[in-house]
Number of protein chains: 2
Amino acid sequence: MGARQAQKQQSRRALLDAGLHLLAEQNLASLGVREVTREAGLSPAAFYRHFPDLAALGVALVEESLVSLHVMIRAVLAEAGGAEELIDRAVDVIERHVREHRPHVRFLARERHGGVRLVREAIDAELGRFAAEVGAALALQPSSRDWSERDLRMLAELYVDLMVSTAAALLEAREADSGGDPARVERIAATARLQLRLISLGRRHWTGS
Amino acid sequence: MGARQAQKQQSRRALLDAGLHLLAEQNLASLGVREVTREAGLSPAAFYRHFPDLAALGVALVEESLVSLHVMIRAVLAEAGGAEELIDRAVDVIERHVREHRPHVRFLARERHGGVRLVREAIDAELGRFAAEVGAALALQPSSRDWSERDLRMLAELYVDLMVSTAAALLEAREADSGGDPARVERIAATARLQLRLISLGRRHWTGS
DNA sequence: CCATTCAGTAAACAGTCGTTTGCCGAACTT
DNA sequence: AAGTTCGGCAAACGACTGTTTACTGAATGG
């Protein structure tokens, strides 16, 4: 890649980072072009060399945020193991992901039901593919031998919902203004583990719909 | 109440309604004072006779939104009945609530992780009290005879999370721009019923943490 | 080495914004 | 009936907004 493209990518990165940083305390809909470029150290007009819209920047952030999410989920599903270990590992992975990708997670939580339709739909679609992936992984497990497609999907969605709300709760507990309360973080993780245990219990006794 | 207060309340109502209406397509953080007063048919300065801030209007909307929610949950919990009927009734109540209070539900979904901290905390606190209420109701049921306080709370939170995400999904499916797809609405409700059945199955076989 | 491409700039456009001010007049109080 | 309270208004303030324009100068390709 020429030095040309490299510098352009660098500016693009600066814009994305600036947006991500500003979105820590506001939503996409209230973000301003000038605000972003100021934070990125560029002139307002430079923005339009990279994105037509702020919504476009938002969509770019969605794609970026979900790549790491998919990597994460595969890390959990790939390894086999007993139900208990799998639960512990899943919660650990969620916790680590929130810790290491806080701005991205916050962005997703904030814009999932936010005011910009394109972004909302992009997140929802990706979360759906996400559930499909979990469902496919569940189908391979022997314990779901005679589960219908529909029931598997339902279970996968339940897992994804639980993961999402756990991540959001962990995020809130970690925010600087709440002191990053570590006890609260552990309580949330513990609750998630219990909930997963309860679900896997229901799963073992499921007789089909 | 004097005609004085009555007219003031009417203006306040107009402001709240205008805000709620505008928040259908944007978030609180991007709402403007002038925008709201324009929609409400008042002068910009009039706003400050009722609220110091837009955040204050937001908090008022939170309180308003949650009153009807509490009424709703009591309607479900109050009546007894078999597990299956209870599940069906719970999902019906959620569905009806989303149908009849769409703007409020949308507001809650949008601002729960939104950019205005005061509003976010108000919603979270109320959702917490909400889970406590569900937990208390669960404690009265014979099937949770020897459940620890912690396990009950965990279960209550699972129910509340499921309710919230189901409501949000129903909302999205009903939005005008997605055609109000009735099949999608029914699919979401059916999934929620299955998930509740799975949880109640896990509940029956729970042996404590 | 010369021509071209193109990311980034400064300046200007016409708006909108939040908030304060002083004032009006109808509803209250006494 | 006189005086007070107070919700609502028009107007003005400076600050900030998104977007377009014409331009600069370094990397690119022949």
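Values in this document were obtained by computation on a predicted structure and should not be read as measured data. Per chain, numbering begins at 1; letters A, B, ... match sequence-line order.
- Listed by chain and residue number, nothing satisfies the side chain to side chain donor-acceptor pair (under 3.5 Å) test with B/Asp124 (two or more places apart in sequence, or in another chain).
- Residues from residues 6-18 of chain A that place a heavy atom under 4.0 Å from any atom of DNA chain C, listed by number: A/Lys8, A/Ser11.
- B/Asp88 pairs by the side chain to side chain contact (heavy atoms under 4.5 Å, CB included) definition with B/Arg193, not counting sequence neighbours.
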Side-chain atoms of residues 159-172 of chain B: list all donor-acceptor pairs with protein atoms under 3.5 Å, sequence neighbours left out, distances to 0.1 Å.
{"residue": "B/Asp161", "atom": "OD2", "partner": "A/Ser165", "partner atom": "OG", "Å": "3.2"}
{"residue": "B/Ser165", "atom": "OG", "partner": "A/Asp161", "partner atom": "OD2", "Å": "3.2"}
{"residue": "B/Ser165", "atom": "OG", "partner": "B/Asp161", "partner atom": "O", "Å": "3.1"}
{"residue": "B/Ser165", "atom": "OG", "partner": "B/Leu162", "partner atom": "O", "Å": "3.3"}
{"residue": "B/Thr166", "atom": "OG1", "partner": "B/Leu162", "partner atom": "O", "Å": "2.7"}
{"residue": "B/Glu172", "atom": "OE2", "partner": "A/Arg120", "partner atom": "NE", "Å": "3.3"}

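- The pair A/Glu35-A/Arg38 does not meet the salt-bridge criterion, since no charged nitrogen lies less than 4.0 angstrom from a carboxylate oxygen.
- Taking atom CZ of A/Arg34 as the reference point, atom P of C/dG15 lies 16 Å away to the nearest angstrom.
- Within the structure, ring pair (Phe, Tyr, Trp, His ring centres under 6.0 Å) pairs that include any residue of residues 45-73 of chain A comprise A/Phe47-A/Phe51, A/His70-A/Phe130 (at least two apart or interchain).
- A donor-acceptor pair under 3.5 Å is formed between the side chain of A/Gln195 and the backbone N or O of B/Met154.
- A/His97 pairs by the ring-ring contact (aromatic ring centres under 6.0 Å, His included) definition with A/His101, not counting sequence neighbours.
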Using nucleotides 28-30 of chain C, report all nitrogen or oxygen pairs with the protein that are shorter than 3.5 Å.
{"residue": "C/dC28", "atom": "OP1", "partner": "B/Ala3", "partner atom": "N", "Å": "2.3"}
{"residue": "C/dC28", "atom": "OP1", "partner": "B/Arg4", "partner atom": "N", "Å": "2.6"}

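- Applying the side chain to side chain donor-acceptor pair (under 3.5 Å) criterion to B/Ser209, with sequence neighbours excluded, gives B/Arg150, B/Asp151.
- With a cutoff of under 4.0 Å to any heavy atom of chain A, the contacted region of DNA chain D is bounded 5' to 3' by D/dT17 to D/dT28.
- Near DNA chain D, meaning a heavy atom under 4.0 Å away, the residues from residues 44-52 of chain B are B/Ala45, B/Ala46, B/Arg49, B/His50.
- Atom C1' of nucleotide C/dT19 and atom CG of B/Leu54 are separated by 12 Å, given to the nearest angstrom.
- Residue A/Arg96 qualifies as open at atom CZ: its count of foreign heavy atoms under 6.0 Å is 12 or below.
- Scored by the salt bridge (Lys or Arg N to Asp or Glu O under 4.0 Å) test, A/Glu25 finds no partners at all (sequence neighbours excluded).
- Secondary structure note: stems in DNA chain D built from 3 or more consecutive Watson-Crick or G-U wobble pairs under 3.5 Å occupy C:1-12 with D:19-30, C:14-17 with D:14-17, C:19-30 with D:1-12.
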